[in-house]
Amino acid sequence: MKWMLKAPSSYSLDAVVQSHGWSQLDPFQILEPSGLSCVIGLSSDVAVRVSVSERKRGLAVSTAARLGSRQRARVEESLSWMLGLDQEFRTFYRAARDEPKLSRIPKEGWGRMLRSATFFEDVVKTILTTNTTWAGTIRMVSRLVNLYGVATAGDDHLKAFPSPERLAAASPDELRKETGLGYRAPYVSALAEGVASGSIDLDAIRESDLPTPELRKLLLSLKGVGPYAAATLLMLLGRYDYLPVDSWALKLVSTEWYDGEPVGKEEVESAFAHWGEWKALAYWFWDWELLKERSG
DNA sequence: GGTAGACCTGGACGC
DNA sequence: GCGTCCAGGTCTACC
């Protein structure tokens with residue numbers, strides 16, 4: 001079935017898809033020539049593949065299966081969250097226009113970070129980006145989805161990201177062996193168990209209006225979530241006052257301002273300190289010299 | 001509060 | 001084909 005979804009003015013689906021690596025991870029799939037599809041879990045045993053593409057009047061949504069009104073509402077709610085349809089960046093854009101390294105951002109509609117269907121999925125994926133290569137993250141996520149995800153009715157190979165309950169049912173040892181999560185398996189297992197049992201309320205974190213430092217403390221209390229992962233998750237929640245400093249960030253800042261000399265976290269922080277509540281967005285969408293060098 | 005070492009996987013490299 | 005080294009954040013123990 002097909003229908004249209006309203007998008008904010010100056011919205012760019014391409015900008016959301018390309019905002020970070022999430023679109024390369026299962027159960028997302030980048031559509032050619034443009035657009036995005038994802039398998040969304042609707043209940044413990046029902047999943048549906050949803051495709052979205054951009055039109056002049058908004059976003060065209062299509063699903064392989066016919067949905068009831070509740071299911072359709074659920075899909076719309078998920079898409080609104082995933083694609084940042086409720087977000088706006090006017091204040092950031094005003095500041096970005098005066099910075100040559102960011103002036104393309106307002107013009108091209110950058111700012112929204114692609115989110116997963118649930119915050120649980122985002123937290124797990126973020127843990128799986130730590131202390132590994134991007135290829136490793138892709139591999140771990142793919143195995144998790146293929147082994148524990150719910151398949152769509154039409155295609156056994158199309159699966160949603162596993163629910164907390166499904167992952168909680170697997171032992172940490174099984175997760176470690178079957179998915180290559182390594183030492184991260186107990187972290188994912190504990191998170192899944194906590195969410196499934198109700199002792200960890202990720203929805204409350206997602207919807208919280210707590211000040212960012214307090215929200216960050218809650219995220220840091222999750223096993224496997226350190227300063228880098230917490231900052232990444234805060235960005236996904238629309239909070240940009242902490243920088244996700246990893247080894248890549250050190251390389252970027254080193255090339256940009258220090259002639260390739262080694263730098264630490266402090267140098268990265270000080271480079272973006274004046275961006276205040278927008279510092280992570282300024283960092284993320286900065287027109288880095290290192291990226292220009294690499295793209296030739 | 002700061003720091004060292006362990007954690008785990010897979011890719012690169014040398015033999 | 002095998003062994004070794006290294007990269008990648010977080011946790012724990014220790015000072």
Side-chain angles (χ1 to χ4, degrees), chain A residues 20-22 24-26 113 116 119-148 161-162 164 167 170-195 199-200 202 205 212-237 239-256 258 260-273 279-280 283-284 288 290-291 293-294:
Chain A
H20 64 140
W22 258 211
Q24 298 168 33
L25 299 177
D26 285 341
M113 307 288 292
S116 301
F119 192 48
F120 171 72
E121 184 176 333
D122 277 332
V123 177
V124 173
K125 284 176 173 173
T126 301
I127 290 173
L128 301 190
T129 64
T130 60
N131 206 27
T132 185
T133 59
W134 181 242
T137 302
I138 291 175
R139 195 165 36 239
M140 287 185 265
V141 171
S142 172
R143 288 174 185 165
L144 268 186
V145 171
N146 286 319
L147 286 168
Y148 300 102
F161 192 84
L167 289 184
S171 70
D173 267 356
E174 183 186 330
L175 279 184
R176 185 191 296 253
K177 273 189 211 150
E178 300 296 327
T179 63
L181 264 61
Y183 70 91
R184 302 168 198 82
Y187 302 155
V188 171
S189 203
L191 179 72
E193 276 176 32
V195 174
S199 64
I200 298 174
L202 291 182
I205 293 180
T212 311
E214 288 179 44
L215 208 50
R216 180 173 179 264
K217 273 187 199 163
L218 288 176
L219 291 169
L220 288 173
S221 71
L222 304 172
K223 288 279 180 206
V225 175
Y228 162 78
T232 300
L233 289 167
L234 285 171
M235 281 183 79
L236 292 175
L237 291 174
R239 312 285 190 110
Y240 309 107
D241 14 18
Y242 287 88
L243 291 172
V245 181
D246 57 1
S247 54
W248 179 240
L250 302 180
K251 282 192 191 103
L252 290 170
V253 169
S254 158
T255 307
E256 192 80 10
Y258 294 88
E261 291 296 312
V263 300
K265 193 175 189 307
E266 300 71 27
E267 284 80 8
V268 181
E269 292 289 347
S270 95
F272 288 93
K279 73 171 74 144
Y283 157 75
W284 196 259
W288 295 101
L290 182 58
L291 293 178
E293 283 173 22
R294 295 204 171 183

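Just so it is clear: chains get the letters A, B, ... in the order the sequence lines come, proteins before strands, and each one is counted from 1.
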Student: Taking any heavy-atom pair under 4.0 Å as a contact, classify A:A185: base, sugar-phosphate, or nothing.
Tutor: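 Nothing, no nucleic acid heavy atom in range.
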Student: List the atom of A:Y240, the atom of A:M235, and the distance in Å for their closest heavy-atom pair.
Tutor: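 Between these two residues, the closest heavy atoms are CE2-O, 3.5 Å.
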Student: Is a side-chain N or O of A:T255 found less than 3.5 angstrom from the main chain of A:G260, in a donor-acceptor match?
Tutor: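 Side chain of A:T255 to backbone of A:G260: no pair is present.
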Student: Does anything in residues 263-273 of chain A pair up under salt bridge (charged side-chain N to carboxylate O under 4.0 Å, His left out), and if so which pairs, sequence neighbours excluded?
Tutor: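 Non-adjacent pairs meeting salt bridge (charged side-chain N to carboxylate O under 4.0 Å, His left out): A:K265-A:E269.
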Student: What is the first contacted nucleotide of DNA chain C and what is the last, in 5' to 3' order, if contact means an atom lying under 4.0 angstrom from a heavy atom of chain A?
Tutor: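 Endpoints of the contacted stretch of DNA chain C: C:dG8 to C:dT12.
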Student: Donor-acceptor pairs under 3.5 Å, side chain of residues 172-180 of chain A to any protein atom, not counting sequence neighbours: which ones?
Tutor:
residue	atom	partner	partner atom	Å
A:E174	OE2	A:Y148	OH	2.9
A:T179	OG1	A:L175	O	2.4

Student: For chain A and DNA chain B, what are the first and last nucleotides along the strand, 5' to 3', with at least one atom under 4.0 angstrom from a heavy atom of the protein chain?
Tutor: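 Under 4.0 Å from chain A, the extent on DNA chain B is B:dC7 to B:dG11.
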Student: Within this structure, what is the NZ-CH2 distance for the pair A:K251 and A:W288, rounded to the nearest 0.5 Å?
Tutor: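 A:K251 NZ to A:W288 CH2: 13.5 Å, rounded to 0.5 Å.
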Student: NA contact type, A:K251, heavy-atom cut-off 4.0 Å: base, sugar-phosphate, or nothing?
Tutor: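 Result for A:K251 = sugar-phosphate.
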Student: Looking across every strand, which nucleic acid part, if any, lies under 4.0 Å from A:S247 by heavy atom: base, sugar-phosphate, or nothing?
Tutor: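 Sugar-phosphate, backbone atoms only, no base.
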Student: For A:L215 and A:I205, work out which heavy atoms get closest and say how close.
Tutor: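 Taking A:L215 first and A:I205 second, the nearest heavy atoms are CD1-O, 3.8 Å.
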Student: Considering every strand and a 4.0 Å limit on heavy-atom distances, what is the contact class for A:G180: base, sugar-phosphate, or nothing?
Tutor: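 Since only primed, P, OP1 and OP2 atoms lie under 4.0 Å of A:G180, the category is sugar-phosphate.
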Student: Got a donor-acceptor contact below 3.5 angstrom from the A:R239 side chain to the A:R216 backbone?
Tutor: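 It does not hold such a pair.
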Student: Would you call the rings of A:F161 and A:F120 parallel, tilted or perpendicular, taking 30° and 60° as the class edges?
Tutor: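 Ring orientation, 0 to 90° scale: perpendicular.
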Student: Of all of residues 216-227 of chain A, which get a heavy atom below 4.0 angstrom from DNA chain B, listed by number?
Tutor: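 Those residues: none at all.
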Student: Which is more 5' along DNA chain B, the nucleotide nearest A:A135 or the one nearest A:N131? Just name the residue.
Tutor: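 Its nearest nucleotide lies further toward 5', so the answer is A:N131.
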Student: Got a donor-acceptor contact below 3.5 angstrom from the A:R143 side chain to the A:L181 backbone?
Tutor: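 No, A:R143 side chain to A:L181 backbone: no donor-acceptor pair under 3.5 Å.
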Student: Is there a donor-acceptor pair under 3.5 Å between the side chain of A:T137 and the backbone N or O of A:T133?
Tutor: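 Between the backbone of A:T133 and the side chain of A:T137 there is a qualifying donor-acceptor contact (under 3.5 Å).
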Student: So which atom in A:V145 and which in A:P162 form the shortest heavy-atom distance, rounded to 0.1 Å?
Tutor: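 Of all heavy-atom pairs spanning A:V145 and A:P162, the closest is CA-CD, 3.9 Å.
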Student: So, for A:T130 and A:Y228, which heavy atoms are closest and what is the spacing to 0.1 Å?
Tutor: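 Heavy-atom minimum between the residues: CG2-CD2, 4.1 Å.
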Student: To 10°, what angle do the rotation axes through the five end pairs on each side of the helix from B:dG1-C:dC15 to B:dC15-C:dG1 form?
Tutor: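 Here the helix ends are tilted 30° relative to one another.
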Student: Look at the side chain of A:D122 and the backbone N and O of A:S116, then say whether any donor-acceptor pair between them is shorter than 3.5 Å.
Tutor: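 Pair found, side chain donor or acceptor close to backbone of A:S116.
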